[in-house]
Every structure is written in C-alpha cells, then in structure tokens.
Amino acid sequence: MKEQIESLLKETLASLMNEEAIPSCDLSTITLSTPANKEFGDFASNIAMVMASRAKRPPREIAGLIKERMERLTETFDKVEIAGPGFINFSVSPLMWVRVLDTVFELKGRYGFSDFGKGEKVQVEFVSANPTGPLHVGHGRGAAVGDTLARIMKAAGFDVEAEYYINDVGNQMNILGLSVLCRYRELLGQGDPFPDNGYQGDYIRDIAAKLRSIHGNGILDMGEMEAIALCREFASTDILGGIKEDLALFNVHFDNWFSESTLYRDHKVENTMSFLRKEDLSYEADGALWFRTTRYGDEKDRVLRKQDGSLTYFAPDIAYHKDKLDRGFGKIIDIWGADHHGYVPRMKAAIEGLGAKSDNFHALLIQLVSLVREGQPVSMSTRSGEFVTLKEIIDEVGKDVCRYFFMMRKSDAQLVFDLDLAKKKSEENPVYYIQYAHARICSILKNAASQGLTPDIARLEEGMLTTGDDLELIKTIATYPDVVVSCAADLEPHRISFYLLELATAFHRFYNRNRVISDDIKLTAARLILIASVRQVLANALSLMGIDAPESM
RNA sequence: GCGCCUGUAGCUCAGUUGGAUAGAGCAACGGACUUCUAAUCCGUAGGCCAGAGGUUCGAAUCCUCUCAGGCGCGCCA
C-alpha cells in the first residue's frame with residue numbers, strides 16, 4: 001500500500017516538475033512516513049517543507065499544489081490535507097484498504113514477498129564456529145539472526161546464499177587433536193598430563209571413547225604426528241556432524257558449507273598473496289609481510305605472514321573474501337560476534353584492496369547473550385568447558401521460544417535470556433502470545449467450517465470491513481510487506497518480531513470486541529476472510545523467523 | 001591513551017535514518033468469562049529521551065564536549 005501511494009506521489013511530483021511549478025529533485029529519495037497520530041491520516045509527506053527553501057516559497061503553498069493534484073485521485077483517497085508547517089496528509093479510502101485482502105488471498109504464503117532486491121546476489125555468512133566443540137548459546141543468537149535475515153532477504157527478492165565457513169585449519173585444530181589423543185590414552189591407562197590449553201569439555205572424552213571402540217588400542221602404536229592427525233580429523237568430523245544436527249534441530253538452514261582447507265588446497269591463499277604483492281598492497285618489513293590497510297582507512301597496517309613464516313588468520317580470510325567476490329555476490333554480509341568489531345576496518349580495507357567497494361561488505365555484529373535463571377546469572381566460560389550448549393537450551397525451552405528470544409533485540413544490543421520467562425506459558429511470553437493468536441484463528445475457522453462456512457474471497461461484499469477494528473486489522477496486514485523490505489534494506493531482522501507482536505495484539509483486541517461468526521451472514525463471510533488473512537500473515541512472518549504456527553495450543 | 005557500541009517510564013526494550021502530543025510489554029492499581037480458546041481484552045498511572053552546548057522551519061535521532069556502563073586496541077583465532 002505504502003509503495004502504491006509513494007508511486008502516485010512521485011508521478012504527481014514528476015508532472016509538476018515538468019511544468020516547472022516546483023523545483024526538480026531526486027524522486028528516488030522521496031518516502032512517505034506513517035504519522036504517529038491517526039488524526040493525521042494514513043500516510044504523510046514532508047516533501048513541501050523539504051522543497052520550500054530551494055523554491056523560496058512557503059511550504060504550505062507548495063503543499064497546496066501537490067494536494068490539488070492528488071485530491072483528484074478520488075478512488076484512492078478519502079481526503080488529502082495540509083497540516084502544521086506543511087505536511088501533506090493522505091487518508092486512503094477504506095475500499096482501497098480492503099483490497100489488500102485480495103492480495104493476501106492471491107499470494108497466500110508469498111504475501112510479503114517482493115522484488116525489492118531485484119535478484120541481486122547476496123551472501124549471508126553466519127555461525128562459522130570452529131569444529132572444536134558444540135555450539136553454545138552465543139552461536140545460537142548468530143544462527144537465529146543469520147537464518148532469519150537470509151529468509152527475509154530471500155522474501156525481499158534477493159538471490160541469497162547462506163554459508164557456514166568452517167575454520168578447519170590452524171593451531172586450534174591441532175590442539176583439538178592433541179586433547180582427544182590425551183583422553184584416548186587416559187582411557188587406556190596412559191596418563192599423560194592434559195595440555196593446559198587443551199579443550200576441557202566432556203565431549204572430548206566421548207570422542208575419545210568412540211575412537212577406542214573403532215580402533216581399539218591401535219592408535220597407541222602410531223607416531224605422535226600421525227596419531228594427532230587421526231584424532232584431529234575424526235574429532236572435527238564428529239563435532240561438525242553434531243553442529244549440523246543442532247542447527248537442523250534449530251531449523252537453521254545453510255546452502256553451502258565452505259571449508260577453509262579448500263582455500264589452501266586450491267591455491268587461493270597463495271594466489272591472493274601474489275595478487276596483493278602485484279598490486280603493491282603488501283610489503284616486507286621487520287621480517288614479516290604486511291598489508292597496506294592504512295591506505296583504506298585502517299589505523300595501522302596488518303601482518304599477513306609472521307616472522308616465523310606462518311600466516312595470520314587475516315591472510316586466508318582475505319582469500320576467502322576474494323573468493324566470495326569472485327562468486328559474484330553484490331552484498332557480502334558477515335555475522336560476527338561483537339568482540340570482533342576491531343576486525344571490521346581491516347576487512348573493509350581488504351575488500352577495497354581487492355577492487356570492490358567497501359559498501360559491498362557488511363559486518364553485522366551480534367552482542368553477547370547472558371543467561372539468567374531464577375534471577376541469577378548463569379556463569380559460562382568456553383575455556384573451562386563450562387558453557388551452556390545451544391542444544392541444552394533448545395531442549396529446555398523449545399526451538400520456537402529460543403529463536404524468538406534471540407530476535408527480540410536489535411543485534412548490537414546485549415541480550416539477557418531469562419530461562420524462567422522463556423518457559424512460562426503465559427502472557428509474559430510473547431512467543432505464546434503470537435502463536436495463541438494463530439491457534440485462536442484456526443479454532444474459529446474450524447468452528448465455522450463445521451457450520452459449512454469457509455472463507456471465500458469471491459464472496460466479499462463491497463463496503464464490508466471498512467470501519468473500526470476491522471479496518472485497523474486490515475491496515476496492520478497491509479504494512480507487512482513494508483516491514484519485510486525495511487528489515488532487508490537495513491539488515492535489521494529483529495523488526496519482524498516486533499511486527500508479529502503488533503499484529504497479534506491487533507487481532508486479540510479485535511477478537512475480544514467483535515464476533516466473527518454471527519447472525520449477519522454478510523459480515524460473517526467478510527470477517528472469515530479477514531481472520532483467514534490475519535492467520536496467513538502470522539504464518540508467513542513466523543516462517544521467516546523459522547518458528548512454527550500451531551493450529552491449536 | 002585511542003577507537004567502537006550502549007544510555008528512552010520502576011524493569012526489559014521499540015522508535016520506519018530529521019517530523020506533528022516520544023510508544024509497547026512486564027511490574028502497580030481498577031475492571032471484563034452463560035458469548036467463536038481468559039495463554040485474552042479494556043481502563044488508570046508512570047518521561048528534563050544520561051547531561052551541556054550547537055546545526056534549522058523542526059532533534060530521542062545529526063555535530064562537539066562531559067558523565068556512566070560494556071567491548072576492542074596481537075606477528076591470537
């Protein structure tokens with residue numbers, strides 16, 4: 001709806017500009033706002049005030065010209081008014097609003113989809129946890145945000161690929177191998193001291209036990225390097241399998257799993273290094289190799305290859321992002337923990353050095369999650385193996401609650417996850433509030449069906465649903481596509497959770513004040529169409545969040 | 001010391017990129033079940049948008065400074 005009105009406004013402005021009645025300006029920057037106060041109509045434009053200074057005429061005079069043209073569109077508008085310093089307020093006619101329901105019925109599960117993204121190739125990379133241990137709560141938030149964002153951007157017309165980057169190279173993998181080997185030897189009565197920097201969690205013992213049941217004590221006879229390598233490969237495969245299971249349980253989907261080791265195998269790291277040297281973006285100093293990131297605004301140059309000859313984490317990461325660019329993504333979105341924010345300028349510099357624009361790259365930073373149980377913080381530290389896994393939380397509170405809670409805040413705000421609240425099946429828990437609205441509607445529809453009544457858009461009579469709560473509900477339904485677009489455009493998927501709350505609230509209010517099934521046959525038919533539309537939109541929005549829409553509760 | 005994020009009702013947070021009288025939900029208080037699910041609804045109360053300047057028709061939003069909290073400033077990953 002908003003889009004329709006916007007394009008009408010733009011047409012009007014374009015014709016006024018042609019007549020040189022108003023100064024020309026960039027039409028693409030024009031947007032409508034929705035006034036906080038209902039008395040000001042459905043949409044408002046400040047365009048007259050923006051133009052006033054350049055036109056050297058009072059804003060209300062310019063507003064008058066626009067109003068006069070727009071008013072002629074009597075099918076669309078009930079009234080167009082000038083208010084305050086020069087706002088133009090549009091009240092859309094109820095009949096226009098009601099037509100939104102035709103769209104919902106026509107598009108069904110695809111209502112809310114658009115071609116906003118115009119098929120642009122986008123990659124969202126998220127979670128990307130090292131395969132050295134199970135996913136914990138913090139990964140869960142990244143998973144929920146990333147998966148939801150990917151779904152939203154698909155709906156908004158982008159060509160999206162969700163990717164998981166597997167850091168399966170480097171020292172931490174050897175430490176993993178060594179940790180498993182030690183536990184394995186322990187099982188066989190050989191008590192080597194456990195390494196200080198080893199992975200402490202019990203899952204390491206489980207993996208060691210699996211190795212024993214497969215290999216017996218055969219690994220004891222191997223050379224140290226060979227044994228570690230075997231343990232490393234077995235453990236990372238096993239852990240990655242577990243990660244995949246947890247993500248599936250969480251309804252998180254990836255299109256691609258990208259292994260860091262393939263960057264080396266396919267010489268991409270090497271090629272990227274020589275590319276940088278050729279472009280004079282790297283240089284030798286103090287026995288190390290540096291990237292000139294300062295050329296692109298970083299505060300200091302960064303090391304690519306250390307004095308000892310090994311590469312930093314940054315080096316393969318540049319190769320990885322070069323590979324992303326080579327795959328043709330116009331937007332590269334990385335979802336990182338907020339503690340990596342110092343890494344952003346460096347990566348932006350790398351992107352520019354590789355010949356792309358820094359806007360092609362977006363780092364979405366996810367702030368910390370802290371757990372609270374019975375009012376007390378639950379202590380977590382990865383190093384000691386004392387952490388709460390994602391799976392434990394899902395098992396405790398359920399997938400739906402978990403996903404919703406992770407999306408309740410904008411991602412750069414810290415999140416307190418209250419386990420007691422999450423488990424409450426009451427009004428305090430927004431997930432149940434929303435799902436309850438969906439279930440209620442299903443219940444009414446079932447009830448109606450038992451009386452032979454089914455929602456049929458063809459039987460919607462003109463003039464129905466044009467007032468009061470009915471109209472309010474329709475207006476809320478109508479904003480849904482705008483919400484999806486705004487989430488995608490601003491990379492703020494959390495807004496969808498607030499929209500759901502708003503729609504559920506509007507429905508519950510409607511339900512308590514109005515009857516759907518009544519003696520009034522025409523009104524009943526119309527309201528069945530209305531609530532069926534609400535149900536559809538609830539289901540659509542929930543599905544973008546990967547949350548179920550239950551038919552009964 | 002430098003940089004980034006945060007600061008909005010008692011609590012937890014929104015605020016559509018600068019718009020009109022700053023909004024929800026909890027908690028508090030008062031109401032609504034013979035009626036399609038009360039896991040719901042209606043009403044009341046609650047504010048110097050951390051503070052001070054500035055930019056303009058107009059600021060919670062942009063700029064500068066101050067204060068408070070969090071996080072980063074490796075040839076770690």
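Throughout, protein chains are lettered first and strands after them, A, B, ... in sequence-line order, and every chain is numbered starting at 1. Note that the coordinates shown come from a computational prediction; the quantities given were computed from them, not determined experimentally.
- Relative to the side chain of A:Arg513, the nucleotides B:A20, B:C42, B:C36 differ in distance, and B:C42 lies closest.
- A:Lys324 and A:Glu125 are joined by a salt bridge, as a carboxylate oxygen and a charged side-chain nitrogen come within less than 4.0 angstrom of each other.
- The A:His341 side chain lies nearest to B:G3 when the options are B:U40, B:A77, B:G3.
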- request: In sequence, state the C-alpha distance, the side-chain angles, and the governing distance for A:Ile366 and A:Phe406, and then conclude on side-chain contact (heavy atoms from CB on, under 4.5 Å).
  value: CA-CA 10 Å; A:Ile366 307 285; A:Phe406 283 140; over 6 Å; no
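- Comment: A:Asp323 engages A:Lys268 in a salt bridge, judged by a side-chain N to carboxylate O separation of less than 4.0 angstrom.
- Around CD of A:Glu61, the count of heavy atoms belonging to other residues, nucleotides or ligands within 6.0 Å exceeds 12.
- Heavy atoms only, all atoms of each residue included: A:Ala63 and A:Ile82 are closest at C-CD1, 3.6 Å.
- A straight line from NE2 of A:His438 to P of B:C36 spans 20 Å, rounded to a whole angstrom.
- Relative to the side chain of A:Asp286, the nucleotides B:U40, B:C75, B:C71 differ in distance, and B:C75 lies closest.
- With a glycosidic angle more than 90° from 0, B:U55 adopts the anti conformation.
- Residue A:Asn89 is classed as a base contact, given a heavy-atom separation below 4.0 Å to a base.
- Look at CH2 on A:Trp290: it is 10 Å from P on B:G74, rounded to the nearest Å.
- For the P atom pair drawn from B:U61 and B:G53, the interatomic distance equals 14 Å after rounding to whole Å.
- When distances are taken from the side chain of A:Asp339 to each of B:C71, B:A77, B:U37, the shortest belongs to B:C71.
- Taken together, the paired segments of RNA chain B that extend over three or more consecutive Watson-Crick or G-U pairs, each closer than 3.5 Å at both contacts, are B:1-7 with B:67-73, B:10-13 with B:23-26, B:28-32 with B:40-44, B:50-54 with B:62-66.
- A:Lys306 NZ: more than 12 foreign heavy atoms inside a 6.0 Å radius.
- When A:Tyr165, A:Phe314, A:Tyr264, A:Tyr313 are each tested for a ring pair (Phe, Tyr, Trp, His ring centres under 6.0 Å) with A:Tyr320, only one passes: A:Tyr165.
- The C1' atoms of B:C76 and B:U64 are separated by 37 Å, rounded to the nearest whole Å.
- Side-chain contact annotation: A:Ser310 with A:Asp308, donor-acceptor N/O pair under 3.5 Å present.
- Remark: A:Tyr511 is in phosphate contact with B:A38, judged by side-chain N or O atoms under 4.0 Å from OP1 or OP2.
- Nearest to the side-chain atoms of A:Ala83 among the listed nucleotides B:A77, B:C36, B:A20 stands B:A20.
- Annotation for A:Glu3: atom CD does not count as buried by contact number, only 12 or fewer foreign heavy atoms lying within 6.0 Å.
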Kindly give the atom pairs (protein nitrogen or oxygen, nucleotide nitrogen or oxygen) under 3.5 Å for nucleotides 14-19 of chain B.
from	atom 1	to	atom 2	distance (Å)
B:A14	OP1	A:Lys410	N	3.1
B:U16	N3	A:Thr34	OG1	3.3
B:U16	O4	A:Thr34	O	3.3
B:G19	N7	A:Asn46	ND2	2.8

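- Phosphate contact (OP1/OP2 of B:A77, side-chain N/O of A:Lys306, threshold under 4.0 Å): present.
- An anti base is found at B:C13: its glycosidic angle is more than 90° from 0.
- Judged by a 6.0 Å distance limit and a 45° cone about the ring axis, A:Arg440 is positioned over the six-membered ring of A:Tyr511.
- Contact check, A:Arg302 against B:C75: no side-chain N or O comes under 4.0 Å of OP1 or OP2.
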